[in-house]
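Reading through the structure tokens given below for one structure.
Only this structure's heavy atoms are used, side chains among them; waters, hydrogens and symmetry mates stay out. Please read these numbers as outputs of a predicted model, since none were measured by experiment.
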Amino acid sequence: MAEEVLSNLMSEGRSFPPSEEFAAGANATAALYDDAASDREGFWAEQAGHLNWATPWEQVLDWSDAPFAKWFTGGRLNVAYNCVDRHVEDGHGDQVAIHWVGEPGDSRDITYAELLAEVSRAANALSSLGLVAGDRVAIQLPMVPEAIIAMLACARLGLTHSVVFGGFSPAALRSRVEDAAARVVITSDGQYRRGKAAPMKENVDEALEGLAGVEKVVVVRRTGTDVPWTEGRDLWWHDLVGAQSAEHTAEAFDAEHPLFILYTSGTTGRPKGILHTSGGYLTQASYTHRVVFDHRPGEDVYWCTADIGWITGHTYIVYGPLANRATQVVYEGTPNTPNEGRHWEIVERYGVSIYYTAPTLIRTFMKWGAHIPASFDLSSLRLLGSVGEPINPEAWLWYRENIGRGTTPIVDTWWQTETGAIMISPLPGVTAAKPGSAQRALPGIGARVVDDSGTEVAKGSGGYLVLDRPWPAMLRGIWGDPERFRDTYWSRFADRGFYFAGDGAKYDTDGDIWLLGRVDDVMNVSGHRISTTEVESALVSHPTVAEAAVVGASDPTTGQAIVAFVIARGGAAGVDGDRSAAVAALREHVAKEIGPIAKPRQILIVPELPKTRSGKIMRRLLRDVAENREVGDVTTLADSSVMELISSGLRPGA
Ligand code: 6R9
């Protein structure tokens with residue numbers, strides 16, 4: 001049965017080879033795979049050679065204290081120097097680094113020379129507060145240029161930043177500030193969200209209430225709203241930074257010097273502080289940005305739509321693109337402010353050529369309708385990317401057709417906060433892309449799909465995704481908790497020395513990898529393993545469905561039963577007219593796409609799905625609804641009213 005399910009998911013057999021023209025000019029060639037396979041450390045040394053090192057490394061990899069890796073031992077570099085100074089020294093000071101677009105419509109272009117001046121001022125400012133290399137700085141800021149400047153200023157001084165997403169609650173900020181023992185917090189008066197100014201500094205004050213250890217709070221003025229002020233502790237960014245010299249000489253730090261901590265949720269309630277260091281991280285950030293996005297400095301206009309509060313913002317807004325001298329768009333706001341064409345208007349205005357976003361947003365664009373992007377000139381786009389969750393083949397095809405004019409390559413990039421940079425992805429110009437599959441480990445990276453005992457499964461079979469060798473951007477641990485690091489990632493396949501990613505995956509008959517979601521999202525129905533993603537994919541392939549979330553609800557007969565929550569596509573006929581007929585049609589459709597075993601027990605048509613602020617569907621809450629339980633903790637939802645909306649729509653008679 002599992003075989004049957006697998007072959008059904010992949011039966012479409014659609015494959016999109018790169019155009020000859022794209023392949024001829026691409027940064028990546030098929031030879032990269034061979035180079036990396038024949039001499040992996042030599043390969044990574046070559047990639048590290050794209051950076052500027054103050055002192056060359058002695059050893060590429062020291063794995064003697066596994067799973068605690070050291071890359072480029074003895075090497076010294078300054079991360080901010082690599083992202084800013086060297087481009088100015090090379091004569092590119094006038095190139096725009098950041099086309100910043102504010103939500104209310106203000107904008108600012110910042111050249112590399114200006115960025116250097118700002119980062120230098122900010123570094124002088126942080127030094128003047130008495131901060132020294134190794135200290136931690138917490139940053140909670142909206143998507144304003146100062147967020148990037150603050151991160152680079154920390155990197156420049158060897159301070160370890162901990163960026164906390166702007167939408168996180170005071171309690172979440174507090175626990176992060178406390179765990180990392182941050183001495184300084186950088187924030188703003190407020191932030192624009194959906195056309196309104198929301199307070200930020202006030203939340204920070206609440207977070208820090210009675211907390212010892214934070215000496216200064218530096219406040220960027222963004223919305224101009226009044227803020228509470230603690231004399232002696234609080235400082236305006238413009239006063240503090242504005243008074244500094246724009247000259248600052250960067251000092252080199254060890255390749256293993258801590259660069260940042262980024263908290264991510266684990267299986268328990270307590271978030272994990274994922275620790276990343278300097279040389280290996282920047283090497284892989286820069287390499288992947290160059291080959292996966294086919295980035296060309298001075299030619300491309302790049303846009304990654306993530307928030308800097310997530311790993312994608314760290315690696316693919318700040319460190320990778322800037323190390324590669326990108327010109328990029330940074331947008332402050334939501335995609336439907338002031339209207340649903342905002343992203344495409346920005347693409348048209350700046351001639352964006354590379355666009356990197358998440359499947360959840362692509363499906364939202366689908367829901368809004370193809371006529372919206374169709375009314376803009378998107379001809380500058382030459383490459384599209386996806387990250388964050390498995391992308392349904394239907395969303396992939398819609399993305400390519402409606403955003404990529406049916407021609408651009410799409411890179412479906414699998415990675416994690418823990419991996420630091422992209423691990424599995426097609427290479428544009430090399431790989432014939434398959435909608436829905438991340439396909440192959442990048443050159444230099446080792447990934448496998450294994451069974452319970454760690455044995456690699458055969459082509460056409462599924463299991464657990466593992467990483468079978470260390471990689472330069474790998475996490476170096478969980479802040480302050482080495483045991484949790486070993487337990488979480490290295491104990492599951494300890495005898496093999498594999499890193500367990502927590503994701504289920506399958507090989508297709510070509511040996512390409514298909515990600516199936518977190519293993520805790522795999523359902524077991526009558527002894528058959530069925531992925532929530534597979535069923536979601538089948539549902540979304542139906543013309544009336546915009547978005548679907550599937551959970552396994554406990555069932556007395558089958559162990560688990562499939563319950564689907566579905567959002568109807570805007571204007572689609574059939575669903576609104578007759579619910580029971582629409583539901584019956586969808587059940588049949590899933591049966592046809594995957595097999596009768598995957599037919600949902602229940603399909604609920606809902607107006608919205610509960611999502612975290614990073615766009616991941618909170619299946620836990622849907623499981624509560626499916627199992628008729630009181631809905632659990634909703635504090636990490638982006639919009640906490642969603643559950644009310646879903647539940648009220650499901651009440652008898654509604
Ligand atoms: C970068 C990022 C990591 C988890 C990961 C997996 C899921 C990310 C994916 C994907 C399928 C892709 N994920 N990219 N699943 N295909 N292209 O998202 O990091 O927030 O730590 O999440 O996201 O389940 O384990 P993070």
Side-chain angles (χ1 to χ4, degrees), residues 22 25-28 50-52 79-102 106-120 143-152 155 282 285-308 312-333 342-357 376-385 387 403-404 408-409 411 421-422 428:
F22 196 105
N27 286 344
H50 286 263
L51 304 179
N52 178 289
V79 169
Y81 175 87
N82 273 279
C83 292
V84 188
D85 305 46
R86 63 172 176 151
H87 307 318
V88 178
E89 288 170 13
D90 290 346
H92 301 289
D94 291 338
Q95 184 187 321
V96 171
I98 298 169
H99 291 295
W100 178 77
V101 183
D106 47 340
S107 64
R108 206 177 137 190
D109 285 347
I110 301 169
T111 64
Y112 273 98
E114 289 164 345
L115 188 60
L116 175 57
E118 291 299 318
V119 172
S120 299
M143 289 293 286
V144 290
E146 288 80 0
I148 297 172
I149 292 163
M151 289 164 77
L152 290 169
L282 196 63
S286 159
Y287 156 70
T288 51
H289 180 261
R290 186 167 58 248
V291 300
V292 175
F293 299 115
D294 194 45
H295 176 260
R296 279 172 232 164
E299 293 173 35
D300 279 309
V301 178
Y302 166 87
W303 183 12
C304 165
T305 70
D307 189 282
I308 45 130
T312 306
H314 282 60
T315 308
Y316 297 108
I317 294 177
V318 182
Y319 294 111
L322 295 177
N324 291 352
R325 188 166 51 86
T327 294
Q328 69 177 320
V329 167
V330 173
Y331 172 54
E332 179 184 38
R342 188 70 190 264
H343 275 212
W344 317 123
E345 177 215 313
I346 293 173
V347 167
E348 184 180 283
R349 165 144 55 119
Y350 292 101
V352 172
S353 55
I354 303 170
Y355 178 80
Y356 187 33
T357 196
F376 292 90
D377 177 6
L378 306 183
S379 60
S380 55
L381 289 170
R382 66 179 195 91
L383 185 126
L384 304 175
V387 61
I403 309 302
T408 61
V411 288
I422 299 171

Check: L322 and I148 side chains under 4.5 Å, non-hydrogen atoms: yes
Derivation and outcome, side-chain hydrogen bond (donor to acceptor under 3.5 Å, both in side chains), residues Q328 and Y316: CA-CA 10 Å; Q328 69 177 320; Y316 297 108; over 6 Å; no
A155 versus Y319, closest heavy-atom pair with distance: CB-OH, 3.9 Å
Side chain to side chain, N324 and Y287, heavy atoms closer than 4.5 Å: no
E332 versus V144, closest heavy-atom pair with distance: OE2-CG1, 3.8 Å
Least distance between heavy atoms, G351 atom then V301 atom: O-CB, 3.6 Å
Pairwise distance OG1(T327) to CZ(R296) - rounded to 0.5 angstrom: 14.0 Å
Heavy-atom pair of closest approach, residues I317 and V330: CG2-CG2, 4.2 Å
Within-4.5 Å side-chain heavy-atom neighbours: Q95 and R325: yes
Exam field: side chain D377 to backbone S379, donor-acceptor pair closer than 3.5 Å: yes
E118 CD to I98 CD1 distance, which is reported to the nearest 0.5 Å: 10.0 Å
S380 versus Y350, side-chain donor and acceptor atoms under 3.5 Å: no
Aromatic ring pairing H343/W303, orientation class (parallel under 30°, perpendicular over 60°, tilted between): tilted
Side-chain donor/acceptor of N27 to backbone N/O of R290, under 3.5 Å: yes
side-chain contact (heavy atoms from CB on, under 4.5 Å) partner of Y81, the single match among V79, V84, D85: D85
T305 side chain reached by Y355 side chain, heavy atoms, under 4.5 Å: yes
Minimum side-chain heavy-atom gap V101-R349 below 4.5 Å: yes
Distance in Å, I354 CD1 paired with E299 CD, rounded so as to fall on 0.5 Å steps: 10.0 Å
Greater than 12 external heavy atoms within 6.0 Å of D106's CG: yes
Residue pair D109 / H99: nearest heavy atoms and the distance that separates them: OD1-ND1, 2.8 Å
Considering all heavy atoms, the nearest Y331-G102 contact: CE1-O, 4.3 Å
L282 vs C83, side chain to side chain contact (heavy atoms under 4.5 Å, CB included): CA-CA, chis, key distance, verdict: CA-CA 9 Å; L282 196 63; C83 292; 4.2 Å; yes
Beyond-backbone contact of W344 with I403, side-chain heavy atoms, under 4.5 angstrom: yes
T408 vs L383 side-chain heavy atoms within contact, under 4.5 Å: no
Minimum side-chain heavy-atom gap V347-F376 below 4.5 Å: no
Modelled atom types, side-chain donor and acceptor of D300 and S353, under 3.5 Å: yes
Test: R382 and D294 ion pair at under 4.0 Å: yes
Side-chain donor/acceptor of T288 to backbone N/O of A285, under 3.5 Å: yes
Whether R86 side chain and A323 backbone form a donor-acceptor pair below 3.5 Å: yes
Within the 6.0 Å centroid threshold, strictly below: H295 and H289: yes
